[in-house]
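Accompanying notes for the structure given below.
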Amino acid sequence: MMERVRAVLVTADDTMLVIRRTRPGIPEYWVLPGGGVEPGDASREAALHREIHEEIAGKADIIRLLHTMESDDERQLFYLARIATWSFDDRTGPEFSAEGRGEYALEGIPLTTEGLDGVDLKPEEIAHVLRGAIRAGSLGVEGSL
């Protein structure tokens with residue numbers, strides 16, 4: 001089963017970093033930074049640190065596993081993390097140079113239900129989980145840095 005890790009990256013000013021994807025013939029949508037766990041990764045958390053470094057040249061403190069989604073052939077693990085430094089200009093992931101992959105743009109959106117409602121975050125299930133956690137005040141990222 002393929003495993004993917006993704007991060008809900010919360011900044012010091014309580015915005016969430018998301019990647020806006022623009023691809024020919026598809027309405028734009030947003031995803032959380034992350035990607036596949038590779039055989040050389042020591043752990044899922046190590047894979048997430050690698051992906052954050054590749055995609056946004058960032059360093060994050062992982063707080064906790066927030067949500068897991070499973071299908072027949074894939075498991076996605078969503079982690080809550082605080083991020084203090086990042087640079088979209090210094091990204092190194094192979095997907096950025098792949099022909100036909102479209103555009104990737106890093107954006108910060110307010111970590112509020114209104115902020116989430118302003119973007120088409122994929123998969124919808126994680127957007128739903130985040131809306132519920134925001135309403136319940138259960139994200140628990142305060143003072144975690």
Within the side chain of Glu55, is there an N or O that forms a donor-acceptor pair under 3.5 Å with the backbone of Gly34? yes
Against Val8, only a single residue in Val18, Leu32, Leu139 fulfils side-chain contact (heavy atoms from CB on, under 4.5 Å); can you say which? Leu32
Could you tell me whether the side chains of Ser71 and Asp73 share a donor-acceptor contact shorter than 3.5 Å? yes
Apply side-chain contact (heavy atoms from CB on, under 4.5 Å) to residues Val10 and Thr15 and explain how you reach the verdict. CA-CA 6 Å; Val10 181; Thr15 60; over 6 Å; no
Validate the cation-pi geometry between Arg21 and Tyr104: distance from NZ or CZ to the six-membered ring centre under 6.0 Å, angle to the ring axis within 45°. yes
Can you find a heavy atom in the side chain of Pro33 that is under 4.5 Å from one in the side chain of Glu51? no
Would you compute the distance between atom CG of Leu65 and atom CZ of Phe78 and round it to the nearest 0.5 angstrom? 10.0 Å
In the structure I gave you, are the side-chain heavy atoms of Arg82 and Thr11 within less than 4.5 Å of one another anywhere? no
Let me see the working for Gln76 and Thr68 under side-chain contact (heavy atoms from CB on, under 4.5 Å), right down to the final yes or no. CA-CA 6 Å; Gln76 289 195 71; Thr68 302; over 6 Å; no
Donor-acceptor pair between Glu125 and His67 side chains, under 3.5 angstrom: yes
Could you state the interatomic distance from CE (Met16) to CD1 (Ile134), rounded to the nearest 0.5 Å? 7.0 Å
Those residues at least two apart in sequence (or on a different chain) that pass side-chain contact (heavy atoms from CB on, under 4.5 Å) with Asp117 are Arg131
Test item: Arg20 side-chain N/O and Leu106 main-chain N/O as donor-acceptor pair under 3.5 Å: no
Check whether Val5 and Met1 end up in the same hydrophobic cluster, where Ile, Leu, Val, Met, Phe, Trp and Tyr are linked by side-chain heavy atoms less than 4.5 Å apart. no
Mind running side-chain contact (heavy atoms from CB on, under 4.5 Å) on Met2 and Arg75 for me, showing each step along the way? CA-CA 6 Å; Met2 171 65 146; Arg75 177 182 299 130; over 6 Å; no
Do Val129 and Ile126 come close enough that some side-chain heavy atom pair is under 4.5 Å? yes
Please tell me if the side chains of Leu77 and Arg4 come closer than 4.5 Å, counting only heavy atoms from C-beta onward. no
State, without any angle test, whether Tyr29 and Arg23 hold a side-chain donor-acceptor pair at a distance under 3.5 Å. yes
Rounded to the nearest 0.5 Å, how far does NZ of Lys122 lie from CH2 of Trp30? 10.5 Å
d(Asp61 CG, Ile83 CD1) to nearest 0.5 Å is 9.5 Å
Please name the pair of heavy atoms, one in Gly36 and one in Asp41, separated by the smallest distance, quoted to 0.1 Å. O-OD2, 4.2 Å
Roughly how far, to the nearest 0.5 Å, is the CG atom of Leu17 from the CD1 atom of Ile109? 9.5 Å
For side-chain contact (heavy atoms from CB on, under 4.5 Å), just list the numbers for Leu130 and Leu66, CA-CA rounded to whole Å, side-chain angles, deciding distance to a tenth of an Å, and then say yes or no. CA-CA 9 Å; Leu130 286 170; Leu66 181 65; 3.8 Å; yes
Mind checking the CD-CG spacing from Glu124 to Asp120? Nearest 0.5 Å is all I need. 7.5 Å
Distance-minimising heavy-atom pair for Ile52 and Ala60: CD1-CB, 3.9 Å
